[in-house]
Amino acid sequence: MPRDVRILNTGSLLELSRRLRTVGGQPLRNTMTRRIRRAAEPMHRDLQSTMRGLDIRPQGRTTRPGGPSRNTRPLRSTLAAAIRISVRISSNPGATVWIDRGRLPKGYENIPNELNKGRLRHPTFGNKSRRGWVNQYASPPWWDSVVRQHRPRMEREVARILDDVRRSLD
């Protein structure tokens, strides 16, 4: 299941956040926020490109290609556009990469979870009778594998940013 990715070292970030409020001032806080966001951007871009290129296959041996989307936006690009970054340095500081379910069309809220599991079951052309349901398969886990790949780099980068800010406060 796609979960938000949070890069936190809450003890260090909370302590540093308090010191920034009292000593550092707004320019240093802005710099720290911008650098933490930049550390999360490669994962964000990689998650979006993985979603846009995700191979979603039909069940069985169908040779017919799928028809045009009944929606105005294709599925993969709609899901990719909903992947967001959030950076906070005040309360609960850190970087979060998450899927904004509010940016998804109605009925699409659970699709990222299902695709991460590897199977998407949906009605064919809205036909919800027993015979109207089909399975489509994706190579799982698209979210977890990208996060696993980027997490160590992000944690090192955030630790380096915290050390730089600590040095500038001292």
Show the numbers, then the answer: is there a side chain to side chain contact (heavy atoms under 4.5 Å, CB included) between Asn116 and Asp144?
CA-CA 8 Å; Asn116 197 49; Asp144 297 337; 3.2 Å; yes

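- No hydrogens or angles considered: a donor-acceptor pair under 3.5 Å links the side chains of Asn113 and Asn110.
- In terms of the side chain to side chain contact (heavy atoms under 4.5 Å, CB included) criterion, residue partners of Asn135 (sequence neighbours excluded) are, by chain and number, Gln59, Arg119, Arg121, Tyr137.
- When the salt bridge (charged side-chain N to carboxylate O under 4.0 Å, His left out) test is applied to Arg37, no partner is found at least two apart in sequence or on another chain.
- The existence of a salt bridge linking Glu155 and Arg151 is confirmed by a sub-4.0 Å separation between a basic side-chain nitrogen and an acidic carboxylate oxygen.
- Contact detail for Gly107 and Glu109: the closest heavy-atom pair is N-OE1, 3.0 Å.
- In this view, Asp164 and Arg35, Arg167 satisfy the side-chain hydrogen bond (donor to acceptor under 3.5 Å, both in side chains) rule, not counting sequence neighbours.
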### Query
After noting the C-alpha distance and the side-chain angles of Trp143 and Leu115, does the key distance pass the side chain to side chain contact (heavy atoms under 4.5 Å, CB included) rule?
CA-CA 9 Å; Trp143 179 272; Leu115 287 176; over 6 Å; no

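- Contact annotation: the side chain of Pro141 approaches that of Arg148 to within less than 4.5 Å [non-hydrogen atoms, C-beta and beyond].
- With a 4.5 Å cut-off on side-chain heavy atoms, Leu79 and Leu104 count as touching.
- The two residues Trp98 and Ser86 have their closest heavy-atom pair at NE1-CB, 3.6 Å.
- Within the 4.5 Å cutoff, the side chain of Arg29 has no heavy atoms near those of the Met32 side chain.
- Partners of Arg84 under the salt bridge (charged side-chain N to carboxylate O under 4.0 Å, His left out) rule, at least two apart in sequence or in another chain, are Asp100.
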All N/O donor-acceptor pairs, side-chain side in residues 42-56, below 3.5 Å, sequence neighbours left out:
{"residue": "His44", "atom": "NE2", "partner": "Ile83", "partner atom": "O", "Å": "2.8"}
{"residue": "Asp46", "atom": "OD2", "partner": "His150", "partner atom": "NE2", "Å": "2.8"}
{"residue": "Gln48", "atom": "NE2", "partner": "Ala80", "partner atom": "O", "Å": "2.9"}
{"residue": "Ser49", "atom": "OG", "partner": "Arg45", "partner atom": "O", "Å": "3.3"}
{"residue": "Ser49", "atom": "OG", "partner": "Asp46", "partner atom": "O", "Å": "3.1"}
{"residue": "Thr50", "atom": "OG1", "partner": "Asp46", "partner atom": "O", "Å": "2.7"}
{"residue": "Asp55", "atom": "OD2", "partner": "Arg57", "partner atom": "NH1", "Å": "3.2"}

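- Smallest separation of non-hydrogen atoms from Arg103 and Ala81: NH1-O, 3.2 Å.
- In this structure, CZ in Arg76 is found 11.5 Å from CD1 in Ile111, a value given to the nearest 0.5 Å.
- Salt-bridge formation is not detected for the pair Arg38/Glu41: no Lys NZ or Arg NE/NH1/NH2 atom is positioned less than 4.0 Å from an Asp or Glu carboxylate oxygen.
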